Trainee: 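Here it is, the structure in full.
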Number of protein chains: 2
Amino acid sequence: MVMELVQLYRAFADATRLRILCVLQDGPLCVCHFQTVLAEPQVKISKHLGYLRERGLVVASRRGNWVIYALPPERARSTELEANLACLADCVKTDAEFKRDRARLKKLDVACSPVAGKRDAEAACGCAEAG
Amino acid sequence: MVMELVQLYRAFADATRLRILCVLQDGPLCVCHFQTVLAEPQVKISKHLGYLRERGLVVASRRGNWVIYALPPERARSTELEANLACLADCVKTDAEFKRDRARLKKLDVACSPVAGKRDAEAACGCAEAG
DNA sequence: AAAGCATATTCCGCAAGCGGAATACGCTTT
DNA sequence: AAAGCGTATTCCGCTTGCGGAATATGCTTT
């Protein structure tokens, strides 16, 4: 039981993964968008997503060429994950890098989904090259 | 700024250190007592305390032969540390290993300090061999 | 000063994890 | 079937970190 917590903290112990998890709290996203939002190379993104997926911190689903990542459905999240995600979201509120990520994310929102607020996975990925 | 958070999570990403931090939330403790409470060898304890000290997650003070470790004074704690300590405390409430640690800690309480509730660092270390 | 106790450090072998380059895979379009 | 796109994997060199044994340090007692 302690080990699960340790695993969780290990997963959080990387800047790229933190950024991924933060972004995902706003809704699902496909890999190509992560590349844009985080401004990091494909390999890096893909590997970290793989890492998170292996450990159950995110779930993936394929839709044509795109793979969409999301946080696990709320009911499937451990209380520890839930608590730490909330804690994380709180901790990064004022962080410059996360703000930048969010800004780029919003741009995608505007370009991709007419739906105000939460993005729709399908819509979001139907315009991978837009913007 | 992100890196500080990452450092924090790295520090949390070890079972022994988690246990140390949990125990410390009940008050300061000297190394010999950690050995008893966590039931781990001296080197292991000392190294992890060193790790935490280097990164500012705990502070140390010498008193004769003993070295007493404590969480930094509340005002000196970053909001991130504070938040994550709280989150941690919440996450481990029902954990078996932490309960055992706590039980052993309480035994020390009884043996060392007549003061009900919080331990006093000095009193706690005046009886390193008791019990 | 010598011995004793509590704590810290060094040395070692080992495993995990990161980033990048190249390459492989899966699906879709032509 | 061939080409193209998005994503995943493998290989590699490198750094970090763990645990244990032995040893060193600092303070205290005799």
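What you are looking at is a predicted structure, and each value in this text was computed from that prediction instead of being measured. Reminder, nothing fancy here: chain letters follow the sequence lines and each chain counts from 1.
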Trainee: D:dT7 C1' sits how many Å from A:L38 CG, rounded?
Mentor: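 Whole-Å distance recorded here is 16 Å.
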Trainee: May I have all residue pairs that pass salt bridge (Lys or Arg N to Asp or Glu O under 4.0 Å) and include part of residues 90-101 of chain A, sequence neighbours excluded?
Mentor: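 Every salt bridge (Lys or Arg N to Asp or Glu O under 4.0 Å) pair that includes a residue of residues 90-101 of chain A, provided the two are not neighbours, is A:R19-A:E97, A:R19-A:D101, A:D90-A:K93, A:D101-A:R104.
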Trainee: Mind checking whether B:L71 and B:L21 have side chains closer than 4.5 Å, heavy atoms only?
Mentor: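 In contact.
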Trainee: Verify the contact: side-chain N or O of B:H48 to OP1 or OP2 of D:dG19, cut-off strictly under 4.0 Å; return yes or no.
Mentor: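 Result: yes.
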Trainee: Polar atoms only, N or O, under 3.5 Å: list the protein pairs with nucleotides 28-30 of chain D and their distances.
Mentor:
none

Trainee: Which whole-number value in Å describes the distance from B:K44 NZ to D:dG17 P?
Mentor: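 Going from B:K44 (NZ) to D:dG17 (P), I get 17 Å.
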Trainee: So, is B:R55 near the phosphate of D:dG17, with a side-chain N or O under 4.0 Å from OP1 or OP2?
Mentor: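 For B:R55, the contact criterion (side-chain N or O under 4.0 Å from OP1 or OP2 of D:dG17) is met.
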Trainee: In terms of side-chain heavy atoms of B:Y51, which of D:dC18, C:dA6, D:dT7 is nearest?
Mentor: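 In terms of side-chain proximity for B:Y51, the closest of D:dC18, C:dA6, D:dT7 is D:dC18.
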Trainee: Could you name each residue pair satisfying ring-ring contact (aromatic ring centres under 6.0 Å, His included) that touches residues 3-24 of chain B, not counting sequence neighbours?
Mentor: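 Checked against ring-ring contact (aromatic ring centres under 6.0 Å, His included) - neighbours excluded - the pairs reaching residues 3-24 of chain B are A:Y9-B:F12, A:F12-B:Y9.
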Trainee: Taking OP1 and OP2 of D:dC18, is either one under 4.0 Å from a side-chain nitrogen or oxygen of B:R17?
Mentor: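 The answer is yes; a side-chain N or O of B:R17 sits under 4.0 Å from OP1 or OP2.
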Trainee: Rounded to whole Å, how long is the line connecting atom CD of A:E54 with atom C1' of D:dT9?
Mentor: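 That distance rounds to 11 Å.
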Trainee: Once salt bridge (Lys or Arg N to Asp or Glu O under 4.0 Å) is applied, what residue pairs with a partner in residues 69-79 of chain A remain, sequence neighbours excluded?
Mentor: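 Sorted result for residues 69-79 of chain A: A:R77-A:E82.
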Trainee: For the pair made of CZ in B:F34 and P in C:dT7, what is the distance, rounded to whole Å?
Mentor: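 Rounded to the whole Å, the gap is 11 Å.
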Trainee: Could you tell me which residues satisfy side chain to side chain contact (heavy atoms under 4.5 Å, CB included) with A:A89, sequence neighbours excluded, listed by chain and number?
Mentor: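 A:A89 satisfies side chain to side chain contact (heavy atoms under 4.5 Å, CB included) with A:Q25 once adjacent residues are dropped.
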Trainee: Can you list every salt bridge (Lys or Arg N to Asp or Glu O under 4.0 Å) pair that touches residues 42-60 of chain A, not counting sequence neighbours?
Mentor: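 Residue pairs with at least one partner in residues 42-60 of chain A: A:E40-A:K44.
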Trainee: Atom CD of A:Q7 and atom C1' of D:dG17: how far apart are they, to the nearest Å?
Mentor: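 One finds 15 Å between C1' of D:dG17 and CD of A:Q7, rounded.
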Trainee: Report the distance from atom CG of A:L29 to atom P of D:dG6, rounded to the nearest whole Å.
Mentor: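 Roughly 15 Å, once rounded to whole Å.
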Trainee: C:dG19 P sits how many Å from A:E40 CD, rounded?
Mentor: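 The answer, rounded to whole Å, is 8 Å.
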Trainee: Below 3.5 Å between N/O atoms, which protein atoms pair up with nucleotides 8-11 of chain C? Just atom names and distances, please.
Mentor:
from	atom 1	to	atom 2	distance (Å)
C:dA8	OP1	B:Y69	OH	2.6
C:dA8	OP2	B:S46	OG	3.1
C:dA8	N7	B:Q42	NE2	2.9
C:dA8	N6	B:Q42	OE1	3.3

Trainee: Taking only residues two or more places apart in sequence or in another chain, which ones pass side chain to side chain contact (heavy atoms under 4.5 Å, CB included) with A:R102?
Mentor: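 Only A:D26 meet the side chain to side chain contact (heavy atoms under 4.5 Å, CB included) criterion with A:R102.
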Trainee: Can you sort out the partners of A:T79 under side chain to side chain contact (heavy atoms under 4.5 Å, CB included), two or more places apart, ordered by chain and number?
Mentor: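 With sequence neighbours excluded, A:T79 shows a side chain to side chain contact (heavy atoms under 4.5 Å, CB included) to no residue whatsoever.
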Trainee: So, do B:L24 and B:L85 sit near enough that their side-chain heavy atoms are less than 4.5 Å apart?
Mentor: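 B:L24 does not reach B:L85 side chain to side chain.
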